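What follows is one structure encoded as structure tokens, with my remarks underneath.
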Amino acid sequence: MKKMTYAEAIRDGMRVEMQRDANVYIAGEDVGKFGGCFGVTAGLFDEFPGRVLDTPISETAIVGHAVGAAAAGLRPVVEIMFIDFMGVCMDELFNQAAKMRYMFGGKAKVPMVVRTPCGGGMTASAQHSQCIEAWFTHIPGIKTIMPSTPADAKGLMAAAIRDDNPVMYIEHKQLLAMSGEVPEGEYVIPLGKADIKRAGSDVTIVAWSWMVHKALAAAEQLAKEGINAEVVDLRTLVPLDKECILQSVAKTNRLVVVNEAVRTSGFAGEIAAIVVEEGFDLLDAPIVRVTALDIPVPFNAKLEAVYLPNETKIIAAVKSLF
Amino acid sequence: MSDVTKEQLLDFYKTMLTIRKFEDKAAELFAAGRLPGFVHLYSGEEAVATGVCASLTNKDYITSTHRGHGHLIAKGGQVDKMMAELFAKVTGYCKGRGGSMHIADVDLGILGANGIVGAGQPIAVGAAFANQYLKNDAVSVCFFGDAASNRGTFHEALNLASVWKLPVIFVCENNRFGISMNQKDHMNIVDVSQRAISYGIPGVTIDGNDVAAVYETAKDAISRARKGEGPSLIECKTWRHYGHFQGDAGLYKDVQEQEEWLKKDPILKLEEKLKVLNFAKDTELKEIRQQIQGQIDAAVAFAENSPEPSTEDVLADVYAP
Ligand SMILES: Cc1ncc(C[n+]2csc(CCOP(=O)(O)OP(=O)(O)O)c2C)c(N)n1
Ligand SMILES: [Mg+2]
């Protein structure tokens, strides 16, 4: 084990895979000598000559070329500087990468990773703060990963790179500097395995990415008031660990889903639908979603705080179930 | 050159200085932790926005970029409302909801700074189409960087504007960098203006630190557009004095090159010219500087004394009623 930040853990995950497999390479804007806008690829340019490529501001070509390179045998890991810029290259992802294998009768393989940071709380305003993971989970053929800790970030990066499908690997800007213990060397966490970050018996709080930490903080608070919450960190949204969610709800009989994205058509709704369809009898209370408001992310810090989910809102949601 | 009068040059000087002093103040406030968000400063590039916008009226549109403060000031934006927006106050241009990267005032023909590189290009084309369709004689100007000309939007926008002969002027601010990426590593040509050839429209490269040259070139392109003669591409070679955004030390820049460009500061160049032509004395220039500093200081006071937006209005304005 070694203490690393989330950003360092992502880098370590990429480094180990690049050492293992000569066909893994990195491309994106300012990822080379500059080390990436958030410093995630720092040092890799010198460590892997010719395998860390700076691109022009051409997201369409960044993701599009990855599709072609992956289909032709390489394993690209491309960076899109902010998830908000995915709008520029959605066709490459959703009509090309996602559908190739199925459309081609199962013959093609598109083993590519798109790494990109999401999230708010930085007064970065409407085009640099969003959580749009539901866009990707709505596309059959894409896997979507959202790690919440340094160790998960590393293990899931390895799994993402080894996976033979296009993977959206969504980082969170608030987590990049967070540090934690991370296994050294090869470390792989299989996709589709949720993780119980806090065991509890009274209510299940499902969360992912930054919101896991909000849920954990809320759980500590609730514990003082006699409510013992279980926090389930999904880690991967597609494939989804339904088992883990349903088992937890079977134990607690109550469910709160926390999602930093806007409410309408968000992934929290998907979790709620699954639990209603497959675990209705387990529930002693309605399912409650805690999400952002249905507005563009406001710039002003006070407005953004109102927009975002937080501990207080999670605590209130949990209490409404008792 | 002959066309540019003393009054015009002095106006240019005031506009450029307003931009510079606004940016210097923003840098100072940001460093002191008093501004939220990101700020991308226009210092060093003032001659471009100033020279281009001098031939525009409020009926003409511009689209701006993440580095937008200069465009806004040159297009008539008020520094107090701009400063208030940087402070996220309700008196700001966007009621504190947008911030530096999204300042806009549609009444002044400003269709917004933009957080998405290259997004303004087709929007400017659309505004130009509206102008053509409504036969209102107005034009639109699209400001963008060297690196933004690598976006697909650039090529699609120029192509559409050229086949529809739209009244739009594409103004490339070539400061040689897209964040850390040197132009020689992000495109295979030296002059972005060459890209006009593919679309059969006029393309020129000029000294973007010479406000009179920018003014003359833009004036011609704007008048051609107004006459229905279609779009143009103007590449202005310039340099940003600071890093990409505040907080970026700009270590990827060559130190010597930085020094050379600082000597070519567009404001120093203009001061020189005003003095050589006997249009202004040092004392007069000093007076102008003091007056503008006063306006900027007043803008900061206005911003600081303004209220924050009310959280009760947080849901307003998502949809038009
Ligand atoms: C579509 C998109 N890609 C990337 C970015 C991140 N980004 C912001 S500014 C910038 C560099 C822009 O360079 P240029 O167009 O030359 O303008 P300059 O900053 O030099 O004025 C980049 C990569 C973005 N905002 N939008
Ligand atoms: Mg540039």
Side-chain angles (χ1 to χ4, degrees), chain A residues 28-39 41-42 45 53-64 80-82 84-89 91-92 120-130 173 262-264 292-308, chain B residues 35-38 66 85-90 92 94-103 113-119 144-156 177-183 185-188 244-245 248 251-252 308-319:
Chain A
E29 291 160 21
D30 303 279
V31 298
K33 264 226 144 15
F34 195 62
C37 191
F38 294 101
T41 55
F45 180 82
L53 297 115
D54 280 312
T55 65
I57 306 180
S58 303
E59 285 78 7
T60 310
I62 295 171
V63 175
I80 296 296
M81 199 179 285
F82 285 76
D84 313 71
F85 310 160
M86 285 303 301
V88 170
C89 44
D91 184 70
E92 285 54 47
M122 297 181 51
T123 58
S125 205
Q127 296 172 342
H128 288 77
S129 305
Q130 298 168 88
K173 297 192 284 293
V262 300
R263 192 174 190 81
T264 302
L293 302 178
D294 278 332
I295 56 174
V297 189
F299 172 52
N300 178 277
K302 283 190 187 146
L303 297 191
E304 190 179 12
V306 171
Y307 158 86
L308 285 170
Chain B
L35 293 184
F38 310 126
H66 54 285
E85 189 58 36
L86 263 53
F87 274 87
K89 297 297 181 75
V90 73
C94 311
K95 302 182 194 161
R97 291 190 197 155
S100 166
M101 258 192 299
H102 306 291
I103 304 187
N114 214 308
I116 304 297
V117 168
F144 59 96
D146 48 305
S149 75
N150 296 323
R151 276 286 322 274
T153 47
F154 170 81
H155 298 276
E156 297 187 26
F177 284 93
I179 309 189
S180 73
M181 285 283 285
N182 196 302
Q183 188 196 348
D185 301 317
H186 73 62
M187 65 173 72
N188 200 26
H244 172 66
F245 42 60
D248 164 27
L251 299 176
Y252 42 81
E308 305 236 15
S310 156
T311 53
E312 274 161 36
D313 296 334
V314 74
L315 298 176
D317 293 332
V318 178
Y319 297 97

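Lettering of chains follows the sequences in order, A, B, ..., and the numbering in each one begins at 1. Quick caveat, the model's predicted, so the values are computed rather than measured.
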Toward chain A, the part of B:Val314 with a non-hydrogen atom under 4.5 Å: both

Quick one: of A:Cys37, A:Ala61, A:Pro298, A:Ser125, who has the most non-hydrogen atom pairs under 4.5 Å with chain B? A:Ser125

Would you say the ring centers of A:His128 and B:Phe38 fall short of 6.0 Å from each other? yes

Is it the backbone or the side chain of A:Thr55 that comes under 4.5 Å from a heavy atom of chain B, or both, or neither? backbone

B:Asp146 versus B:His186, side-chain donor and acceptor atoms under 3.5 Å: yes

Under 4.5 Å between any side-chain heavy atoms of B:Val318 and A:Asp294, yes or no? no

For residues A:Ser58 and B:Asn150, is any side-chain donor paired with an opposing acceptor at under 3.5 Å? no

Any side-chain donor paired with an acceptor under 3.5 Å for A:Gln127 and A:Asp84? no

Please flag which part of A:Leu293 lies under 4.5 Å from any non-hydrogen atom of chain B: side chain, backbone, both or neither. side chain

Heavy-atom side-chain contact between A:Phe34 and A:Glu29 under 4.5 Å: no

Of A:Leu303, A:Val306, A:Val297, the largest count of non-hydrogen pairs under 4.5 angstrom with chain B goes to A:Leu303

If I measure from the heavy atoms of chain A, does B:Asp317 come under 4.5 Å with its side chain, its backbone, both, or neither? neither

Residue part contacting chain A, namely of B:Leu35, when any heavy atom lies under 4.5 Å: neither

Quick check for you: among B:Gly118, B:Ser149, B:Gly98, which has the greatest number of heavy-atom pairs under 4.5 Å with chain A? B:Gly98

Using a cut-off of under 4.5 Å on heavy-atom pairs, state which of A:Ile295, A:Val88, A:Ile57 scores highest against chain B. A:Ile57

Largest heavy-atom contact set with chain A, pairs under 4.5 Å, which of B:Cys94, B:Ala119, B:Gly99, B:Gly152: B:Gly99

Proximity breakdown for B:Ser310 and chain A, heavy-atom pairs closer than 4.5 Å: backbone

Taking side chain as everything from C-beta outward and backbone as N, CA, C, O, which of these in B:Met101 sits under 4.5 Å from a heavy atom of chain A? Side chain, backbone, both or neither. side chain

Kindly say whether the aromatic ring centers of B:Phe87 and A:Phe299 come within a distance under 6.0 Å. no

Most chain A-contacting option - heavy-atom pairs closer than 4.5 Å, from B:Leu251, B:Asp248, B:Ile116: B:Ile116

For a quick check under 3.5 Å, do B:Asn114 and B:His102 share a side-chain donor-acceptor pair by atom type? no

For the NZ atom on B:Lys95, are there more than 12 heavy atoms of other groups (residues, nucleotides or ligands in this structure) within a distance under 6.0 Å? no

Region of A:Tyr307 in contact with chain B, defined by heavy-atom distances below 4.5 Å: neither

